[in-house]
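Report on the following structure.
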There are 2 protein chains.
Amino acid sequence: MTARSSSESAREIPEATVARLPVYLRALTTLADDGTRTCSSEELALAAGVNSAKLRKDLSYLGSYGTRGVGYDVDYLRYQIAREIGVTQDWPVVIVGIGNLGHALANYSGFRSRGFRVVALLDADDTRHGEVVAGVDVRPFGDLEEIVATHGVAIGVIATPAHAAQDVADRMVGCGITSILNFAPGVLAVPEGVDVRKVDLSIELQILAYHQQRKAAL
Amino acid sequence: MTARSSSESAREIPEATVARLPVYLRALTTLADDGTRTCSSEELALAAGVNSAKLRKDLSYLGSYGTRGVGYDVDYLRYQIAREIGVTQDWPVVIVGIGNLGHALANYSGFRSRGFRVVALLDADDTRHGEVVAGVDVRPFGDLEEIVATHGVAIGVIATPAHAAQDVADRMVGCGITSILNFAPGVLAVPEGVDVRKVDLSIELQILAYHQQRKAAL
DNA sequence: CGGATTTTGTTCCCCCGTTCACAAAGTCCT
DNA sequence: AGGACTTTGTGAACGGGGGAACAAAATCCG
């Protein structure tokens, strides 16, 4: 962890809280769509699937946005959380690897609605270039540098086979990307200052299998 | 958490450890493929991307499978972990929702190689029925009960749009599925005893965006 | 055979996160 | 206006997990 500027706001939001903020954001959106103007921590906690005390403590890291005796204004709180996470701004994203998973990601509507804009789909396979997926051109992997520079991309998504992932990550880091979402199995080595989040589908199933096995053993 | 039979083995593996066992398993497989017969906790920890002390503590929950002064036998340890997780047995799995993501999941090779066998792809869309994806028939959602009963399915995967997820989960629980991997956004309500793991692609990106925003603010 | 060396298994301590419980602060009703 | 009531924000206790450090156990070498 790097030193923090002391003149900045003293907020130091715990990682566990950061991971839940998007959940609250989604719950608030659902409430707003249902026409709810105001909600208590109890209601919101129910919608988000968490304990109400935890919710209140999480929100307290952002500031005092509620009103005692009343609750939270849905729209106001939603905006505050969105701003805190950063989804009020536009995030250009590149996706590398246009297999089944890359396809699914490119088409996923949940990205665009939260400020993430897929600016390019890259693939090493020449035969795919020129194809259009979800309204975005499939381009050669070699175009990475140009695309990142042009659009100011800071976030990259790796959806390649495992053997290609480290090379892709290296190239991404090399051209200035500092946040990577990795769907390829295996460990990525990246320099200090680059954030990597890993999503491993088979690991999730294996965790379920472990618990299932325990349940079956009774 | 339900009461545990006291006559059973006293092992109570922490959740954090369970989540890392599949990572160790994959690292061991990589080492084995490279021809490594034996490895120290330091080497394995490096391959798995964790601290060696943490690795040793994790492994100690399974038993004493190492040899002091030598290290771990790669194949032996791999088998022990696989057995502990339960991936030495066959796990029939149903996937509901055959959109882009369902497609990607059905084709994902990482499932089959770890004992997970997709026995059916279900979708509410009539026009898809009869189609074959990744060698598996796409069938009506109404066939769920029959398929689960026939194959002894305990694990279900939800890859539907958000609005359908709760209904699908209810039906799954109703026919005896007790482990669910959910890719649909939103909170699932399930009875006690049913495990749900959630994978939310947009949440991962939002977490990255938060940190990216902090980095950019310097 | 015994000491030096290597590496595991475990103990101890600290920190982060969760939860309880309550004071503070607002609203509502009479 | 004032008291009852509701709900937030937070202080404090508690539990789990991470990491350093060390004792125990095995090999190797003279």
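Chain identifiers are assigned alphabetically (A, B, ...) following the order of the sequence lines, protein sequences preceding nucleic acid strands; residue numbering begins at 1 within each chain.
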Practice task
Mark yes or no for whether Thr30(A), through its side chain, and Arg26(A), through its backbone, hold a donor-acceptor pair below 3.5 Å.
Solution key: yes
Could you pull out all donor-acceptor pairs under 3.5 Å where a side-chain atom in residues 162-169 of chain A meets a protein atom, sequence neighbours excluded?
from, atom 1, to, atom 2, distance (Å)
Gln166(A), OE1, Ala189(A), N, 2.9
Gln166(A), NE2, Asp170(A), OD1, 2.9
Gln166(A), NE2, Ala189(A), O, 3.0

Handout entry: Rounded distance (Å) that lies between atom P of dC15(C) and atom NZ of Lys54(B)
Key = 17 Å
Extract all donor-acceptor atom pairs below 3.5 Å that involve side chains of residues 115-123 of chain B and protein atoms in other chains or at least two apart in sequence.
from, atom 1, to, atom 2, distance (Å)
Arg117(B), NE, Asp90(B), OD1, 3.2
Arg117(B), NE, Asp90(B), OD2, 3.2
Arg117(B), NH2, Asp90(B), OD2, 2.7
Asp123(B), OD1, Asp125(B), N, 2.8
Asp123(B), OD2, Ile98(B), N, 2.7

Practice task
Rounded off to whole Å, could you give me the CZ-to-C1' distance for the Arg56(A) and dG17(C) pair?
Solution key: 16 Å
Handout entry: N or O in side chain of Tyr72(B) less than 4.0 angstrom from dG9(C) OP1/OP2
Key = yes
Problem - Integer-rounded Å distance: dG17(C) P and Leu55(A) CG - result: 16 Å
Practice task
Check every strand shown and say whether Tyr61(B) touches a base, only sugar-phosphate, or nothing at a heavy-atom separation below 4.0 Å.
Solution key: nothing
Problem - Protein-nucleotide distance (Ile13(A), atom CD1; dG17(C), atom P), rounded to Å - result: 12 Å
Practice task
Using a cut-off of strictly less than 4.0 Å, decide whether Thr67(A) has a side-chain nitrogen or oxygen near OP1 or OP2 of dG26(C).
Solution key: no
Completion exercise
Between the OH atom in Tyr108(A) and the CZ atom in Arg114(A), the distance rounded to the nearest 0.5 Å is 6.0 Å
Problem - Side chain Asp200(A), main chain Ser202(A), donor-acceptor under 3.5 Å - result: yes
Practice task
Shoot me the first and last contacting nucleotide of DNA chain D against chain A, ordered 5' to 3', at under 4.0 angstrom to non-hydrogen atoms.
Solution key: dT6(D) to dA12(D)
Exercise for the section: Pick base, sugar-phosphate or nothing for Glu15(B), based on heavy-atom distances below 4.0 Å to the nucleic acid. Expected result: sugar-phosphate
Handout entry: Rounded distance in Å - NZ (Lys57(A)) to C1' (dC20(C))
Key = 10 Å
Exercise for the section: Determine: side-chain N/O of Arg68(A) to OP1/OP2 of dC28(C), distance under 4.0 Å, yes or no. Expected result: no
Problem - Lys198(A)/Glu204(B) ion pair, N-O < 4.0 Å - result: no
Handout entry: Salt-bridge contact Asp73(B)-Arg78(B) (side-chain N to carboxylate O under 4.0 Å)
Key = no
Practice task
Find the distance Leu44(B):CG to dT7(C):P and express it as a whole number of Å.
Solution key: 14 Å
Completion exercise
The answer to which of Ser60(B) and Pro14(A) contacts DNA chain C further toward the 5' end, by nearest nucleotide, is Ser60(B)
